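Presented below is the structure to which this report refers.
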Amino acid sequence: MKNKEIKSALDYYDVKLPDEDKIESTVLNVINSQRTVKTPELSFKRIIISQISSVKNSFWFFSFLFLIVIVFMYLKIDSEYTTLFLFSTTPFLNIIALPTLFFTFNRERMELEGTCLIKPATVFSAKSVICGALDLILILFAVLISAIVTDVPVLQSAFLGFLGYTSSAFIAMCFSLFFKTQVAMAVTSAIYAVAVSSVFVFEDVANFILNMNFATLSIIFLLFFLLLSGVVYYTKNNYKYERVVFLYGTENI
Amino acid sequence: MRDRELVQQAKYGDKEALSQIVRRYYNEIYLFIYRRLGDSYSAEDITQEVFLKFTQCLPQYKEKDKLKSYLLSIAINCSNDYYRKAKREVLSEEIEITEEAENSFDSDMRECIKSALLQLPDEQRNVIILRYYHDLKIREISRITSCSQSTVKSRLYRGENQLKEILKGVL
């Protein structure tokens, strides 16, 4: 609490500010003193490693939890529908992972950029690689277990899992271009939930997916893979700083 | 444009962003230094030095700190350096100002307050100026001056008492 007596007395001490010329000369001196220091440029591999260390513990916790659930369900339940269900839910990790990664991102990104020449888009790609790689490892792990425990065809199961991953990542990233990260993830989750539910509600849809031949499955997968690559490429090349901050969901612009 | 964005662009070498930062905070920093030293020429020089140092420190600056607080902490360091470098001259100037102010005590309130502030010990003066002229909270002052909140409170309390003592006839 300020002392009113002192405050009123101190108010008498007004100061004449320097002329505009003085301010402008300071501006000029400061600008001229700004050295263009060649800061070290980090390789993409090093950026990925640095980003792994900045990932929140909750992300690893959720991933581990998810893995346990998948393994447990494979060992306990043995049916084609369960397999379908498991592969349908695997991409949810993608939906959990993306916001978790981007929410924790801003401070580390600022510090990284302060010392090195890194474009926000590069770090964004690094995060996507971490998230994507972990998802694909989990899918492969689940497929291997399914090959041991059930008689589901390995290649078809793998493609089904990859299709879930690429399609959900593509949808999530498309929404991220236009909405806040939270909104994008919520909408993607909702779309995915509807898609998965339709598989269980309408038996024909489930049968169609389970009986889809390898060629059809791989074409659909390839299509989503190309779409996802396109969105990642677009994001990396066209996002300006402000837009990327928006995408991380830490700041409203 | 917000401070954070300006700093980010200045880090990338954007001169316009850097000049905007200087223009935005020049007066605030100048006022702090002037009230701390009581001399316009030194205040102008040190204000420029503050921004030059800020430019040098820009790559290490972390956005979690408020830009204004960061600049004020540089201002404190720069004026401390100034005191250290020219201790004798500053002391003689202070005495001169004080005497001059005391002679015109009744007619010039401003000079009286200026003189009173200059009589305060450095740490107390910093806290009083930051609190009363820059409207900073105790927490912010403690961050700028790199000392605990209880130290800031005690310096503020002692500073206020000393000011009251000096300005006894005026308050």
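In the text below, chain A, chain B and the rest are named by the order of the sequence lines, each starting its count at 1. Keep in mind that this is a model prediction, so the values were computed, not measured.
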Q: Below 4.5 Å from any heavy atom of chain B, which atoms of A:E24 appear? Answer side chain, backbone, both or neither.
A: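 The side chain, not the backbone.
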**Q.** Separation between CD1 of B:I141 and SG of B:C147, rounded to the nearest 0.5 Å
**A.**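 B:I141 CD1 to B:C147 SG: 9.0 Å, rounded to 0.5 Å.
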Is it the side chain or the backbone of [X] that comes within 4.5 Å of chain A heavy atoms, both, or neither?
X: B:Y30; answer: side chain
X: B:L52; answer: both
X: B:F51; answer: both
X: B:L117; answer: side chain

Q | SB check B:K66 B:D3 (cutoff 4.0 Å) | A |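 Answer for the salt bridge query: no.
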Q. Less than 4.0 Å between a side-chain N and a carboxylate O, is that true for B:D122 and B:R36?
A.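 Salt bridge between B:R36 and B:D122, a charged N being under 4.0 Å from a carboxylate O: yes.
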Q: Assign the ring pair A:Y13 / B:Y133 to parallel, tilted or perpendicular, where the plane angle (0 to 90°) is split at 30° and 60°.
A: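 Judged by the thresholds at 30° and 60°, the geometry between A:Y13 and B:Y133 is perpendicular.
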(Q) If we check side-chain contact (heavy atoms from CB on, under 4.5 Å) with B:Y82, which of these qualifies: B:D39, B:I33, B:N77, B:D45? (A)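 Answer to the side-chain contact (heavy atoms from CB on, under 4.5 Å) test with B:Y82 among B:D39, B:I33, B:N77, B:D45: B:D39.
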